[in-house]
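Note: hydrogens, waters and symmetry copies are ignored here, and every other heavy atom, side chains too, is used. Numbering of ligands and ligand atoms starts at 1, following listing order.
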Amino acid sequence: STAKLVEKGTKSTVTFNDVAGLKEAKAEVMEVVDFLKHPETYTELGAKIPKGVMLVGPPGTGKTLIAKAVAGEAQVPFFSMSGSEFVEMFVGVGASRVRDLFKRAKEKTPSIIFIDEIDAVGRSRGKGGGFQSNDERENTLNQLLTELDGFGPNTGVIVLAATNRPDVLDKALLRPGRFDRHIYLELPTKEERMEIFKVHLRPLKLAKDVDVVSLAELSPGFSGADIANICNEAALIAARKKKKTVHYHDFLEARDRIVGGMERKSKIISPKE
Ligand code: ATP
């Protein structure tokens with residue numbers, strides 16, 4: 001339904017305090033927050049505020065999180081849609097959804113539009129279809145380009161998009177005046193994993209034997225999403241054992257379960273790619 005697909009400009013309660021690591025990406029999106037909060041600083045000098053910012057990085061590295069944090073910090077409504085949802089939609093619907101999304105966001109300026117998995121609609125035209133006919137996806141992409149060009153740079157709408165496949169994106173999306181700014185997010189280093197663990201341990205009731213250094217050491221290659229997952233899984237495991245606090249051992253069990261899940265997933269996925 002439309003209600004599910006295009007949120008009515010939800011209020012984001014995420015702040016930069018919820019985003020650990022990602023120092024450079026945070027510094028760059030802070031500029032976007034400032035565009036939204038103090039546009040006059042830029043426009044009075046004759047500057048054009050960027051309209052589109054592309055967040056690029058592997059799955060689970062915090063692209064959605066950082067987009068929500070921008071909305072939360074700037075205190076502007078957050079309109080979101082996912083490119084992959086369009087791919088599953090009925091013929092003719094994609095373009096009108098895009099139109100609807102921009103219309104709503106423009107009615108509520110200053111505002112943010114977030115397009116997750118933009119590669120699903122924004123694949124280079126004439127390359128690979130997926131579930132949907134190429135025509136339909138192209139119509140949706142063309143509508144997106146039209147919308148991006150259809151409002152001025154200082155309208156108060158900033159479009160953030162996320163992808164983990166920048167290589168397949170249609171070059172038209174990346175032209176000046178469209179998504180001409182790119183912010184890169186990487187998998188966290190050990191130090192950054194410690195910081196991310198600290199964020200996700202906040203709500204947990206911990207036993208004294210839990211320390212973030214060991215947790216960061218036992219999770220090489222984990223994304224922020226994996227870390228959030230391990231923390232919650234550990235709490236579930238502890239609860240199942242009727243424990244009063246979450247112990248280090250519960251994290252080990254949770255880690256093994258998650259690594260097992262990741263291995264099964266990559267076995268299913270890898271033969272194709
Ligand atoms: P995908 O490409 O799979 O959509 P994504 O990059 O958009 O992933 P998010 O959805 O933002 O990733 O991350 C999922 C969850 O992982 C977040 O809601 C948050 O709980 C956690 N997370 C990811 N990165 C971080 C981080 N840097 N700091 C704190 N939590 C994080």
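- No side-chain heavy atom of Phe114 sits less than 4.5 Å from a side-chain heavy atom of Ile66.
- For the side-chain contact (heavy atoms from CB on, under 4.5 Å) with Phe251, the qualifying choice from Leu201, Ile237, Asp256 is Leu201, the only one to do so.
- Both the backbone and the side chain of Ala225 come within 4.0 Å of ligand 1, judged by heavy-atom distances.
- Heavy-atom distances between Ala162 and ligand 1 stay at or above 4.0 Å for every pair.
- The atoms of ligand 1 that sit less than 4.0 Å from any heavy atom of Gly60 are 1 (P), 2 (O), 3 (O), 5 (P), 6 (O), 8 (O), 12 (O), 23 (C), 24 (N).
- Identified under the side chain to side chain donor-acceptor pair (under 3.5 Å) test for residues 35-45, with sequence neighbours left out: Asp34-Tyr42.
- The single protein non-hydrogen atom nearest to atom 12 (O) of ligand 1 is Gly62 N, 3.3 Å, given as residue, atom name and distance.
- Taking atom 7 (O) of ligand 1 as the reference point, the nearest protein heavy-atom neighbour is Thr64 OG1, 2.7 Å.
- The closest approach between Leu55 and ligand 1 stays at or above 4.0 Å for every heavy atom of the residue.
- When hydrophobic clusters are built by joining Ile, Leu, Val, Met, Phe, Trp and Tyr residues whose side-chain heavy atoms come closer than 4.5 Å, directly or via intermediates, Val199 is not grouped with Phe16.
- The protein non-hydrogen atom at the shortest distance from atom 22 (N) of ligand 1 is Gly224 C, 3.6 Å.
- Every pair passing side chain to side chain donor-acceptor pair (under 3.5 Å) that includes a residue from residues 207-216 is listed here, sequence neighbours excluded: Asp211-Ser214.
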(message) Run Glu191 and Lys23 through salt bridge (Lys or Arg N to Asp or Glu O under 4.0 Å) and show every step you take.
(response) CA-CA 12 Å; Glu191 274 66 35; Lys23 230 170 127 195; over 6 Å; no
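- The shortest separation from a heavy atom of His200 to ligand 1 is under 4.0 Å, placing the residue in contact.
- Distance from atom 4 (O) of ligand 1 to its nearest protein heavy atom, with residue and atom name: Asp116 OD2, 3.7 Å.
- Between Arg104 and Glu107 no salt bridge is recorded (no basic side-chain N to carboxylate O distance below 4.0 Å).
- For atom 29 (C) of ligand 1, the closest non-hydrogen atom on the protein side is Asp18 O, 3.3 Å.
- Considering only non-hydrogen protein atoms, atom 25 (C) of ligand 1 sits nearest to Leu65 CD2, 3.6 Å.
- Proximity of Leu22 to ligand 1, defined as any heavy-atom pair under 4.0 Å, is confined to the side chain (atoms from C-beta onward).
- Counting heavy atoms from C-beta on, the side chains of Leu141 and Leu145 come closer than 4.5 Å.
- In this structure, the protein non-hydrogen atom closest to atom 27 (N) of ligand 1 is Ala20 O, 2.8 Å.
- Of the residues Arg257, Arg255, Arg240, Lys243, the one that meets the salt bridge (Lys or Arg N to Asp or Glu O under 4.0 Å) test with Asp250 is Lys243.
- The protein non-hydrogen atom at the shortest distance from atom 5 (P) of ligand 1 is Lys63 N, 3.5 Å.
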